[in-house]
**Q** 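Below you will find the structure I want to go over with you.
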Protein chains: 2
Amino acid sequence: MSNTNTPPGPRERDTSHITGHEVLAGVVQVRQGSLKALLWQRARPPHPNRWALPGGRLGPDETVESSIRRQLAEKVDVRELTHVEQLAVFSSPGRVPDKRIVATAFLGLIPCDTDPELPDDTAWHPVEALPETAFDHEEILLAGRERLRSKLSYTNIGFALAPPKFTVSELRDLYSAALGYRVSATNLQRVLSRRGALEATGETVAAGPSGGRPPALFRFTSRDLQITDRFAVLRPPA
Amino acid sequence: MSNTNTPPGPRERDTSHITGHEVLAGVVQVRQGSLKALLWQRARPPHPNRWALPGGRLGPDETVESSIRRQLAEKVDVRELTHVEQLAVFSSPGRVPDKRIVATAFLGLIPCDTDPELPDDTAWHPVEALPETAFDHEEILLAGRERLRSKLSYTNIGFALAPPKFTVSELRDLYSAALGYRVSATNLQRVLSRRGALEATGETVAAGPSGGRPPALFRFTSRDLQITDRFAVLRPPA
DNA sequence: GCAAAAGTGTTGGTATTACACCCATGA
DNA sequence: TCATGGGTGTAATACCAACACTTTTGC
């Protein structure tokens, strides 16, 4: 198994058996009513023209968390990333041809009110209709979507998809896009309010062009990830 | 940053900047009414005499999953491991002195009716009162306990701690030990039955020496991990 | 019979969904 | 005034914990 891309120089040994480590992130955002992922199109082999997740090699003096944040800063502003979390390690020996690279995969979230400047090779793609992806990046992205969908149910992770202030209707549209099915605004507001994750700002905005009652603006009480529904069952005694 | 343990030979370059990868597992079992972890005592530096998690270097042709199963087979029989799952990546540059080793951590579960033969340097220790541990292994173990506690609430993961057949009282003791608080046998049976995770075998066993009604034997309907409480809220429409 | 342990019935409380209904605005 | 979307009230259901009660054994 020789490395066909960067042949070893005269004084270098073949290090293809040495495990390299990369970090990758499935960065998603709700845009135009559906969940989109940030992908860049590869120019060079392997997998030319296919779409890949942002990421890169782990540096010697960084954790996987700091590494992925550093590398994403080249694609999107770090301040725009409202949440980053580890997903899993992907380590099939053949996941990258002719090399041995283990990947630590992350989920990254961007609120819907920001529209980062993207490099020319980079674009948003709907997660439910991905283009041809490189390596195992589709699997990583789908794992990220599953994680997001689960956490929408028992945490306040919605804050990471939402702007600082929003109407319940806007929040419902975000949840619907991420979950893939229609969510009731009525019940969404009640669930999040009962759990103390949501609060009214007291402000309202003007009604839309077709009329209707002017909606109130809400915010998440915390913009850090919190588990709001610990212990569905078998909870410890009070 | 030189490697003080295996100094580079004459023709070798200093590779201490190259990221090595290891796999580690927090292997736990309920023994004598409390959750115990499998640890081995280090003889050599770094951290001599401290207790460490089983694991080792990732091989060139294996995934992290197959690697940890291979390495655990040296400590405990793989057939005795009823469940193995990834926990997280631990990657602080200083987590192992003088080396750069990224670890993929796993949680491993062993049912309470097996008592593996252990090497001389290996022993079970209560997770709530660990001895002095090496590196970041205590953090890994506590993360594993948290994962187990969470999954006891919304999956059938109890199967991995229990023997093939058991009474509800025995199962209650397993859950109590793993969760760290008393669980009601009455409600435990009802929750797991309602979810279809538990079923009666039809058999009963003799009562204990102090009398009492002879308990019935139950089994888990599946011995693969299944999420039994998907979507606590915001569930998709029927 | 009595103590002990297992298992069932029942009740009160809470969480959640669905749906009816009221509210406030633009046209 | 009416259509429209926002928001509240409420009923039906399901789930859960706690506890009373019954069952079946050993002594």
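Note on naming: letters A, B, ... go to the chains in the order of the sequence lines (proteins, then strands), and numbering restarts at 1 for each one.
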**Q** Describe, as an angle rounded to 10 degrees, how the axis at the first end of the helix from C/dG1-D/dC27 to C/dA27-D/dT1 is tilted relative to the axis at the last end, five pairs per end.
**A** 20°
**Q** Which atoms of nucleotides 10-14 of chain C (N or O only) lie under 3.5 Å from a protein N or O atom, and what are those distances?
**A**
unit_1 : atom_1 : unit_2   : atom_2 : d
C/dT10 : O4     : B/Arg190 : NH2    : 3.3

**Q** Closer than 3.5 angstrom, by distance alone: can the side chain of A/Ser91 be matched with the main-chain N or O of B/Val64 as a donor-acceptor pair?
**A** yes
**Q** Please give, in whole Å, the distance from C/dG7 C1' to B/Phe218 CZ?
**A** 8 Å
**Q** Rounded to the nearest Å, what distance is computed from the CZ atom of residue A/Arg213 to the C1' atom of nucleotide D/dG6?
**A** 6 Å
**Q** Which pairs would a plain distance check flag for residues 103-116 of chain A, meaning a side-chain donor or acceptor within less than 3.5 Å of a matching protein atom at least two apart in sequence or in another chain?
**A**
unit_1   : atom_1 : unit_2   : atom_2 : d
A/Thr104 : OG1    : A/His21  : NE2    : 2.7
A/Thr114 : OG1    : A/Pro111 : O      : 3.2
A/Asp115 : OD1    : A/Arg31  : NH2    : 2.2

**Q** By the side chain to side chain donor-acceptor pair (under 3.5 Å) test, which pairs, at least two apart or in different chains, include something from residues 74-90 of chain B?
**A** B/Glu65-B/Gln86, B/Asp77-B/Arg79, B/His83-B/Glu85, B/Glu85-B/Arg147, B/Glu85-B/Lys151
**Q** In whole angstroms, how far is the C1' atom of D/dA17 from the CG atom of B/Leu192?
**A** 15 Å
**Q** Using heavy atoms and a sub-4.0 Å distance, could you list which residues of residues 156-166 of chain B are near DNA chain C? By number, please.
**A** none
**Q** What integer distance in Å separates A/Arg172:CZ from C/dA18:P?
**A** 14 Å
**Q** A side-chain contact here means heavy atoms from C-beta on lying under 4.5 Å apart; do B/Trp124 and B/Leu118 qualify?
**A** yes
**Q** Is there a side-chain contact between B/Leu171 and B/Phe218 (heavy atoms, below 4.5 Å)?
**A** no
**Q** Does B/Ser34 have any side chain to side chain donor-acceptor pair (under 3.5 Å) partners at least two apart in sequence or in another chain, and if so, which?
**A** B/Lys36
**Q** Does B/Gln189 have a side-chain nitrogen or oxygen under 4.0 Å from the phosphate oxygens OP1 or OP2 of C/dT8?
**A** yes
**Q** Let me know the distance between CG of A/Asp229 and P of C/dA15, rounded to the nearest Å.
**A** 10 Å
**Q** Starting at atom CZ of B/Arg182, determine the distance to atom C1' of D/dA17, rounded to an integer number of angstrom.
**A** 16 Å
**Q** Under the side chain to side chain donor-acceptor pair (under 3.5 Å) rule, collect the residues that match up with A/Asp173, sequence neighbours excluded.
**A** none
**Q** Just compare D/dC16, D/dA18, C/dT16 and give me whichever is closest to any side-chain atom of B/Val191.
**A** D/dC16
**Q** Could you tell me whether a side-chain N or O of B/Asn156 sits under 3.5 Å from a main-chain N or O of B/Gln226, the two making a donor and an acceptor?
**A** yes
**Q** Which part of the nucleic acid, if any, lies within reach of B/Ala216 when heavy atoms closer than 4.0 Å are counted: base, sugar-phosphate only, or nothing?
**A** sugar-phosphate
**Q** Report yes or no: does A/Thr221 contribute a side-chain atom to a donor-acceptor pair with the main-chain N or O of A/Gly196 at less than 3.5 Å?
**A** yes
**Q** Taking for each residue the nucleotide of DNA chain C bearing the nearest heavy atom, is the 5' side occupied by A/Asn187 or by A/Pro214?
**A** A/Asn187
**Q** From C-beta outward on A/Ser169, which listed nucleotide comes closest to its side chain: D/dC16, D/dG6, C/dA6?
**A** D/dG6
**Q** State which residues pass side-chain contact (heavy atoms from CB on, under 4.5 Å) with A/Arg219; sequence neighbours excluded, sorted by chain then number.
**A** A/Glu199, A/Thr201
**Q** Which side chain to side chain donor-acceptor pair (under 3.5 Å) pairs, counting each pair once, include a residue from residues 127-142 of chain B, with sequence neighbours left out?
**A** B/Arg95-B/Asp136
**Q** Sequence neighbours left out, what passes salt bridge (charged side-chain N to carboxylate O under 4.0 Å, His left out) with B/Glu62? Give chain and number order.
**A** B/Arg70
**Q** Looking at the rings of A/Phe220 and A/Phe166, which for Trp means the six-membered one, are their centres under 6.0 Å apart?
**A** yes
**Q** With sequence neighbours excluded, what pairs up with A/Arg145 under the side chain to side chain donor-acceptor pair (under 3.5 Å) test?
**A** none
**Q** Mind listing the residues from residues 202-211 of chain A sitting with a heavy atom below 4.0 Å of DNA chain D? Number order is fine.
**A** A/Ser210, A/Gly211
